[in-house]
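Counting starts at 1 for both ligands and their atoms, following the listed order. If you're wondering where the values come from, they're calculated on a predicted model, not measured in any experiment.
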Amino acid sequence: MKHFSLSKAVFMAASLALLGLTVANAQEKFSPVIVIHGGTSGLDLTKEEFKIREEPMKKALLAGQAVLEKGGSAMDAVTAAIMVLEDDPNFNAGKGAVFTSDGFNELDASIMDGSTKKAGAVAMARHIKNPILGARLVMDKTWHTLVAGEGADKLAKENGLEMVDQKYFFTQFRYDALQKAKEKQKLLLDSEKAKKTSLNLHERPYLGTVGAIALDKNGNLAAATSTGGMTNKMTGRIGDSPIIGSGTYADNDSVAVSCTGTGDIYMRV
Ligand code: GLY
């Protein structure tokens with residue numbers, strides 16, 4: 001079994017999907033694979049930022065790999081990998097989620113099983129410590145695919161998931177990023193100043209959405225994605241990450257994909 005370095009992992013989500021297709025068509029014995037990403041901004045991280053993220057990325061890969069090595073399912077492998085990244089403050093998912101314009105943390109996550117094409121997602125969850133478990137709950141325990149807001153938190157609580165106060169999601173650097181984004185927004189309202197400032201309102205706003213895709217020994221594919229969304233997003237804004245077919249997709253006959261980037265743009269296509 002192979003895992004990939006952080007720099008490669010950032011690029012590889014779509015490639016694994018192609019690998020899955022090739023192997024499935026050949027009807028060969030399946031060699032389990034897991035690939036993760038830690039967000040689009042992996043492409044322009046400084047050395048220091050890269051280093052901070054490298055260890056948790058490895059830990060997440062190893063968590064997913066351990067599941068696959070024991071003969072576990074692709075679904076369990078991607079869940080295990082995502083949970084590690086959700087618990088790490090350096091990624092924009094779970095603990096390290098970015099802030100909405102009103103200072104809330106609203107979390108989106110989804111998961112899809114390529115063997116059954118069942119899927120589950122939560123959006124705008126405010127109190128689920130590991131939103132990926134909320135997504136899995138929607139898939140396993142309801143006949144719905146996406147549950148949002150208070151309903152998602154209620155479902156998670158009723159089913160015994162670990163719930164946390166909004167304070168749990170506070171990180172100083174995300175809070176500072178919100179202040180910076182707000183300041184830029186103000187500047188843009190003043191046309192003279194706007195000329196002198198960057199039009200990129202939300203500098204690297206999506207730093208650290210996380211995703212995982214896996215192929216297990218039975219040839220089953222799974223994909224999962226978790227995010228806090230974008231800094232200074234409107235409270236109530238939902239991105240691509242909890243949308244099946246946009247942020248996440250898995251189908252044994254074709255691909256497993258987890259996306260990262262500005263969801264408002266690419267969820268339209
Ligand atoms: N891709 C994450 C988001 O746009 O919310």
Side-chain angles (χ1 to χ4, degrees), residues 9-14 17 35-45 53 57 60 78 81-82 85-86 88-112 119-126 128 130-132 134-135 138 145-149 152 169 171 173-175 177-178 181-182 184-185 200-213 223-250 255-269:
V10 170
F11 297 102
M12 289 296 287
V35 180
I36 62 174
H37 70 74
T40 315
S41 309
L43 303 178
D44 64 351
L45 288 179
R53 286 162 182 78
M57 290 291 277
V78 294
I82 295 282
L85 299 173
E86 284 181 339
D88 190 290
N90 292 298
F91 296 90
N92 176 16
K95 168 74 186 141
V98 298
F99 287 88
T100 72
S101 54
D102 299 315
F104 294 106
N105 306 98
E106 294 188 337
L107 298 97
D108 299 340
S110 65
I111 190 162
M112 185 162 186
V122 290
M124 293 162 51
R126 288 189 180 177
I128 307 173
N130 290 105
I132 199 63
V138 171
T145 304
L146 170 60
V147 179
F169 300 109
T171 53
F173 80 111
R174 297 293 189 200
Y175 188 73
L178 174 65
K182 279 179 176 291
K184 281 199 171 186
Q185 196 138 28
N200 183 5
L201 251 186
H202 312 291
E203 216 172 308
R204 303 163 85 205
Y206 34 69
L207 188 87
T209 289
V210 303
I213 51 178
T225 310
S226 183
T227 191
M230 303 177 79
T231 298
N232 204 23
K233 67 182 181 182
M234 281 177 72
T235 300
R237 174 268 192 185
I238 295 173
D240 61 297
S241 301
I243 308 295
I244 298 302
S246 182
T248 301
Y249 193 74
V255 297
V257 183
S258 166
C259 296
T260 175
T262 308
D264 297 278
I265 307 293
Y266 66 79
M267 64 198 289
R268 301 172 201 167
V269 291

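Here the side chains of T100 and M234 are not in contact, with every heavy-atom distance at 4.5 Å or above.
Close approach to G229 involves these atoms of ligand 1, each under 4.0 Å from a residue heavy atom: 5 (O). Of all atoms in ligand 1, listed by their number and element, those nearer than 4.0 Å to a heavy atom of Y266 are 1 (N). Heavy-atom proximity to S241, at under 4.0 Å, picks out these atoms of ligand 1: 1 (N), 2 (C). Taking every heavy atom of T209 and a limit of under 4.0 angstrom, the matching atoms of ligand 1 come to 2 (C).
Considering backbone and side-chain atoms together, G263 places an N or O closer than 3.5 Å to an N or O of ligand 1. Remark: ligand 1 and R237 share an N or O pair separated by less than 3.5 Å (distance only, no angle test). Annotation: G261 places an N or O atom under 3.5 Å from an N or O atom of ligand 1; distance criterion only. Looking at T227 next to ligand 1, no N or O pair under 3.5 Å apart turns up.
Tested against L146 for a side-chain contact (heavy atoms from CB on, under 4.5 Å), the candidates V122, V138, I243 yield a single pass: I243.
Here the shortest heavy-atom pairing between Y175 and F99 reads N-CE1, 3.5 Å.
Of the possible polar contacts, none joining the D108 side chain to the G228 backbone as a donor-acceptor pair under 3.5 Å is found. Between the side chain of T227 and the main chain of G229, a donor-acceptor pair closer than 3.5 Å is present.
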Salt bridge (charged side-chain N to carboxylate O under 4.0 Å, His left out) between D88 and R53: does it pass, once the steps are laid out?
CA-CA 9 Å; D88 190 290; R53 286 162 182 78; over 6 Å; no
